[in-house]
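Single-structure report; data block below.
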Amino acid sequence: GAGNEIVVSKVLTAFDPNFVLARSRISPTVLNYWHSSINEPWWTWYEKILYLADVSNSVLNSEVLKCFVTGQNSATITEKGKAIEFEILGKPVVLLTAAVPSQGQEQLRRFPILLLNETAEQTKAILGFQAGLAKGKNHNAEFSKSFKEAMVWLEPQTVIVPFADLISQKFPLNLNARTAFVRLIDYIKAAAAINQFSRENKVNNQENYIIANIEQDYGLAKMVFELVTSNEQFIPLTTRNQKILKFFKEHEGGFFTIQNLLKEIKGISESTLRRDVDKLATNGFLKAEEREVEGSIRPVIHYCYSKFNSLVL
């Protein structure tokens, strides 16, 4: 209902459809065989966009997808009692949509989450848009022809970020920062590459490169980075995670068991709540403490809010 698939499908219309592969249902092992070097030695995933809609958690947390997005695509499988070796050439841009994603630790740093706007104001705007369509109005909800034509002229670029050291000096120093910092630099480079015709161009050792600037390229990258990064630990939080954290923050200082939380936080099953709360505690957003409870033969885990810093760039 939030509009995941509408948003992604509209974004993908900006690109050449010959380079976009979209699937609404897929199994983890399909990625091993799909366009493998055995059947299609000429195929490469380079410059392709792979969109998996409403992906299941079994696919999201699969070893195959993890290797697929990191470019480690040499595989050995058994088929009819024989070992078969092949490669998946290239690495695509991967876009996933999921209503209730539950990423394991390995995938948390690989897939930043962009949460859609579920406020009443946004719903009002969407209803107005839909009403306009019903009345026959053209809301011009497509990319302009000139934009698509301009995209064709873009070429791969080497981008230098001369102020990268200034960012690194102010970046939080935790393990996840190693991945997050490179992601922010990539966003800066992407902003410069998209605007390559209005950026400073230099030649060094006969190689052309463009120079990213702070005002526009960093400014755009910062906006995007903050949309997918809510905290200094660089751990993506789903809407459900944020709902749970909001409750704890509103009751800061209080300790709650899972049974307490089930009565206070509606719309989440016990198994899902237990999994999410444990994950939030593991990642430092909550504190867990065993306490004696009258009538219980063993201590019961109580959770409380643990202050964490929001990301400030």
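Please read all numbers here as calculations on a predicted model, not as lab measurements. Heavy-atom basis, side chains included; hydrogens, waters and symmetry copies ignored.
- A heavy-atom distance below 4.5 Å is found between the side chains of Phe111 and Val94.
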### Task
Please lay out, stage by stage, how Phe181 and Phe171 fare under the test ring-ring contact (aromatic ring centres under 6.0 Å, His included).
CA-CA 8 Å; Phe181 177 72; Phe171 229 61; 5.4 Å; yes
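- Remark: Asp217 engages Arg199 in a salt bridge, criterion side-chain N to carboxylate O under 4.0 Å.
- The environment of Phe197 atom CZ is dense: over 12 non-hydrogen atoms of other residues, nucleotides or ligands sit within 6.0 angstrom.
- The aromatic ring centres of His251 and Tyr305 sit 6.0 Å or more apart.
- Between Tyr187 and Tyr218, the ring centre distance reaches or exceeds 6.0 Å.
- Residues Phe19 and Ile49 are not in side-chain contact: their nearest non-hydrogen atoms beyond the backbone lie 4.5 Å or more apart.
- Counted within 6.0 Å of CD1 on Ile6, heavy atoms from surrounding residues, nucleotides or ligands total 12 or fewer; the atom is thus considered open.
- In this structure, Arg291 satisfies the cation-pi test against Phe255, with its NZ or CZ atom closer than 6.0 Å to the six-membered ring centre and inside 45 degrees of the ring normal.
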Without placing hydrogens or testing angles, list every side-chain donor-acceptor pair under 3.5 Å for residues 260-267, not counting sequence neighbours.
| residue | atom | partner | partner atom | Å |
| --- | --- | --- | --- | --- |
| Asn260 | OD1 | Thr257 | N | 2.9 |
| Asn260 | OD1 | Thr257 | OG1 | 3.0 |
| Lys266 | NZ | Lys263 | O | 2.8 |

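- Closest heavy-atom contact between Lys10 and Thr13: O-OG1, 2.5 Å.
- Between the side chains of Asn174 and Asn176, no donor-acceptor pair of N or O atoms lies under 3.5 Å.
- Taking the six-membered ring for Trp and thresholds of 30 and 60 degrees, Phe147 and Phe143 have nearly parallel ring planes, at less than 30 degrees apart.
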